[in-house]
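First up is the structure itself, then whatever we jot down about it.
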Amino acid sequence: MKMLSSSPSSSTIPLFVSVFIILCSTEALVKLPDNETVPALIVFGDSIVDPGNNNDLVSVAKCNFPPYGRDFIGGIPTGRFSNGKIPSDFIAEELGIKKLLPAYLDPALQPSDLLTGVSFASGASGYDPLTPKISSVFSLSDQLEQFKEYIGKLTAMVGEQRTNTILSKSLFLVVQSSNDIATTYFDIRKVQYDFASYADLLVTWASSFVKELYGLGARRIAVFSAPPLGCLPSQRSLAGGIERECVEKYNEASKLFNTKLSSGLDSLNTNFPLAKFVYIDIYNPLLDIIQNPQKSGFEVVNKGCCGTGLIEVAVLCNQFNPFTCNDVTKYVFWDSYHPTERVYKILIGEIIHEYVDSFF
């Protein structure tokens with residue numbers, strides 16, 4: 001797509017669009033540089049940022065049922081893998097875009113929602129093309145095709161010039177790698193590759209994907225690191241021994257991948273000077289909460305709130321499980337794989353303020 005001028009006349013914008021943006025934008029919680037705007041948030045990835053794209057798939061990787069969404073607006077299970085909001089919601093709110101970032105495949109999605117962004121993320125997806133096949137979910141290639149469809153719809157609404165401006169100023173977020181490392185590598189790929197070689201492959205796939213986003217008009221692209229996977233309740237249960245300690249082999253794998261990913265994004269910044277490819281470290285902020293829970297008022301770090309908290313996730317975390325906790329505010333994790341809304345809010349608050357200037 002040819003990039004056109006970033007300052008089109010307001011006359012090219014339909015009146016209803018202008019009114020919609022004024023009415024639906026929220027006040028930014030973080031200060032942006034003067035004269036800078038982020039009109040939309042556009043998200044790709046896995047369950048950390050999936051607001052419900054998997055709901056109609058024949059897959060175990062979905063959660064549009066109680067007790068998921070227990071603390072969401074109206075207590076509704078939307079398909080978000082948490083008790084409430086997820087990172088993409090908090091980022092959209094922090095940037096003053098909107099309160100919630102909807103799923104692109106939400107049947108209630110309105111054309112006007114496209115103006116301020118959507119999430120294409122699919123729970124259980126990954127950079128590795130094998131990863132989404134394991135749970136029959138949307139691959140990054142699928143998400144990219146949906147994004148192209150989105151561009152077509154946006155162009156039909158506001159024209160090519162305004163669409164190009166929206167894309168160039170929007171924040172693009174990519175959140176992948178957890179399923180690749182924890183499941184695809186350690187369960188399948190380790191017979192084919194040592195982890196360093198596999199991490200190189202993941203970075204190659206990640207780089208290829210963000211370059212495709214660049215080719216479609218993205219200029220501000222954030223990429224999340226892998227989290228401390230060895231400290232997830234599920235991994236503690238599977239490989240943490242009787243004491244269910246953090247599993248070093250998973251954490252070391254995450255750290256090695258993160259080092260390679262950061263270097264890969266540095267290279268892209270050198271080769272594409274008109275764009276900002278920003279590595280976002282979530283490994284250390286989340287590990288700090290896990291290792292020092294009392295600082296943020298948490299008490300339980302080694303199991304989730306849902307069910308026994310040891311292994312339950314997705315379909316195993318359901319309303320028929322009698323062991324789900326009453327006070328989720330004490331827990332770092334909602335289920336055995338995903339943090340609670342409160343943890344997400346703390347993490348995103350820190351991340352936004354640390355990295356926001358990197359995009360301008």
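- Classified by interplanar angle (parallel below 30°, tilted 30° to 60°, perpendicular above 60°), the ring pair Phe147/Tyr150 is parallel.
- Residues Phe44 and Phe209 place their aromatic rings such that the two centres sit under 6.0 Å apart.
- Hydrophobic clustering, defined by side-chain heavy atoms of Ile, Leu, Val, Met, Phe, Trp and Tyr closer than 4.5 Å, groups Ile73 together with Phe72, Leu100.
- Using a 4.0 Å cut-off between charged nitrogen and carboxylate oxygen, Arg80 and Asp50 do not count as a salt-bridge pair.
- In this model, a donor atom of one side chain and an acceptor atom of the other lie less than 3.5 Å apart for Ser197 and Asp194.
- Counted within 6.0 Å of NZ on Lys303, heavy atoms from surrounding residues, nucleotides or ligands total 12 or fewer; the atom is thus considered open.
- Under the 4.5 Å side-chain heavy-atom criterion for Ile, Leu, Val, Met, Phe, Trp and Tyr, Trp334 and Phe81 are members of distinct hydrophobic clusters.
- For the pair Arg219 and Tyr214, the distance from NZ or CZ to the six-membered ring centre is under 6.0 Å and the angle to the ring normal is within 45 degrees.
- Outside the 6.0 Å centre-distance limit, the rings of Phe90 and Tyr344 are not counted as a close aromatic pair.
- Here Asp180 does not pair with Arg189 in a salt bridge; the nearest charged N to carboxylate O distance is not below 4.0 Å.
- A salt bridge does not link Lys249 to Glu252: none of the charged nitrogens lies less than 4.0 Å from a carboxylate oxygen.
- Taking a 4.5 Å side-chain heavy-atom cut-off between Ile, Leu, Val, Met, Phe, Trp and Tyr, the cluster of Ile311 extends to Leu238.
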